[in-house]
Amino acid sequence: MYSPGSMSKQLFSTRLHSIAYRTDLGTCFRGSAEVILRSPAVAPYLKHKVDLIFTSPPFPLNRKKKYGNLTGDAYVQWLAAFAGTFKLLLKPKGSIVIELGNAWEPGKPAMSTLALRALLALLERGEFRLCQQFVWYNPARLPSPAQWVNVERIRLKDAYTHLWWMSRTDRPMADNRRVLTEYSDSMKKLLRKQKYNTGKRPSEHKIGEKSFLRNNVGAIPSNVITLANTSSNSDYQTYCRDNEIKPHPARMPSGLAEFFIKFLTKPGMVVLDPFAGSNTTGAAAEKLRRRWVAIEPQSDYISGSKGRFNGNLI
């Protein structure tokens, strides 16, 4: 059994040149996930010890990005190739949550099924169960694809991405009581009055007298997560400006990582992000007292991500 910081120390003790930085709870590696996760100096420490793989791999965009992205069948094969590695690292009741954005056919106002094909290939090759589909809606997202939305005005702006929750089992560890939201004013009023319109609904659901009158401390959230991604004064942004580092262009809000980490893990458990970018996942895990491992090949993204840890680096 590992103490909270022991895994980080053991990984560091290998003296790999690929270690970029670490805290008492986590380690960030510089390199590609393909190499790091299969390294004999790293893989044995993570085998069947990861409780959650939470990640946003490069999207299959038509335009080449600095953070790397493949297209077509090459993308499908690339993502599916991680199935065996992920399965080896996960605990029996561990989870994988992968964010996949929408893709479009090159030069056409038609959506591509590439991301879905990659997901299905990963599921099939790893023999994973698809536990649930989530949508992250970003109300502040800029209009895209620009040609079809802004120029020709024949499509609406693409304002969401999918997050796919999968596992080795039908019943991975999860508890929605850890992610309850505040009750609405109407629900608070209902709980005070302890009166509700009972009976049969047009949907044929039968509502009993006490069905909605129990105070469960909060409301169960839906699988549509609304979070704007507009922060310009975060520790990360400030650190990048002060150190003249260009920020990662495709950051997710920290609240997204925090939601799934709380939902699917407990303090002290292990969270892995093999495509870390600006290491939002590692910082969220650190905040929530989970152990974490992050992997990122781009040195400037790693340099910027250090600003998320507020002097906790060791």
Side-chain angles (χ1 to χ4, degrees), residues 52-63 65 67 69 79 95-105 109-120 122 130-150 153-166 174-187 218-234 236-237 247-264 271 273 275-281 283-285 287-288:
L52 171 63
I53 298 172
F54 180 81
T55 193
S56 179
F59 293 170
L61 304 174
N62 295 320
R63 187 173 58 181
K65 297 288 188 177
Y67 52 81
N69 54 286
L79 188 61
S95 291
I96 304 170
V97 177
I98 293 184
E99 181 199 13
L100 288 176
N102 297 318
W104 294 77
E105 295 288 353
M111 294 193 70
S112 168
T113 61
L114 188 58
L116 289 175
R117 288 195 286 122
L119 172 75
L120 292 173
L122 180 70
L130 183 58
C131 301
Q132 195 165 17
Q133 172 188 2
F134 290 79
V135 169
W136 166 36
Y137 166 55
N138 179 3
R141 191 169 180 177
L142 295 175
S144 67
Q147 179 64 32
W148 318 127
V149 176
N150 299 64
R153 308 293 284 256
I154 57 174
R155 295 291 183 270
L156 304 181
K157 77 172 184 176
D158 191 5
Y160 72 92
T161 62
H162 287 107
L163 291 107
W164 304 94
W165 171 26
M166 60 196 85
D175 192 339
N176 64 28
R177 289 169 294 189
R178 294 195 288 263
V179 289
L180 297 178
T181 59
E182 185 178 1
Y183 281 133
S184 65
D185 290 340
S186 60
M187 184 62 186
I220 299 172
S222 77
N223 63 342
V224 177
I225 303 168
T226 302
L227 284 171
N229 199 9
T230 57
S231 176
S232 61
N233 294 313
S234 65
Y236 171 76
Q237 293 278 64
H248 192 284
R251 303 180 305 279
M252 71 170 63
S254 60
L256 196 61
E258 289 176 16
F259 176 88
F260 286 100
I261 292 171
K262 287 190 288 187
F263 179 35
L264 300 174
V271 179
D273 188 345
F275 314 108
S278 65
N279 204 7
T280 303
T281 302
K287 176 182 176 182
L288 297 171

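Each residue takes its place number in the sequence, starting with 1.
Considering all non-hydrogen atoms of both residues, S95 and W165 come closest at OG-NE1, 2.9 Å. The minimum heavy-atom distance between G101 and T161, with the atom names listed, is CA-CG2, 3.9 Å. The minimum heavy-atom distance between L100 and P57, with the atom names listed, is CD2-CG, 4.0 Å. Closest of all the heavy-atom pairs between Y183 and A219 is CE2-N, 3.7 Å. What you find for S56 and E99 is that their closest heavy atoms are OG-OE1, 2.7 Å. Counting all heavy atoms, side chain and backbone alike, S278 lies closest to R251 at OG-CG, 3.6 Å.
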Stepwise, does the side chain to side chain contact (heavy atoms under 4.5 Å, CB included) test hold for L52 with V97?
CA-CA 8 Å; L52 171 63; V97 177; 4.1 Å; yes
Residue pair H162, I98: steps toward the side chain to side chain contact (heavy atoms under 4.5 Å, CB included) verdict
CA-CA 8 Å; H162 287 107; I98 293 184; over 6 Å; no
Derivation and outcome, side chain to side chain contact (heavy atoms under 4.5 Å, CB included), residues M111 and L116:
CA-CA 11 Å; M111 294 193 70; L116 289 175; over 6 Å; no
Criterion side chain to side chain contact (heavy atoms under 4.5 Å, CB included) on W164 and L122, from CA distance to verdict
CA-CA 11 Å; W164 304 94; L122 180 70; over 6 Å; no
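Residues Q237 and P247 have side chains in contact (heavy-atom distance under 4.5 Å, counting atoms from C-beta outward). The shortest side-chain heavy-atom distance between F54 and L163 falls under the 4.5 Å cut-off. Within the 4.5 Å cutoff, no side-chain heavy atoms of W104 are placed close to those of Q147. The closest side-chain heavy-atom distance from S144 to N150 is not below 4.5 Å.
Note that CG of D158 is 5.0 Å distant from CZ of R141, once rounded to the nearest 0.5 Å. Taken to the nearest 0.5 Å, the CG atom of N176 stands 4.5 Å off from the CD1 atom of I220. For the atom pair M252 CE and T280 OG1, the distance stands at 6.0 Å (nearest 0.5 Å).
Every residue meeting the salt bridge (charged side-chain N to carboxylate O under 4.0 Å, His left out) condition with R177, not counting sequence neighbours, appears here in chain and number order: D175. Under the salt bridge (charged side-chain N to carboxylate O under 4.0 Å, His left out) criterion, R117 pairs with D73, sequence neighbours left out.
The number of heavy-atom neighbours closer than 6.0 Å to CG of L156, taken from other residues, nucleotides and ligands shown, is 12 or below.
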Determine all donor-acceptor pairs shorter than 3.5 Å in which one atom belongs to a side chain in residues 253-264; sequence neighbours excluded.
from	atom 1	to	atom 2	distance (Å)
E258	OE2	K287	NZ	3.2

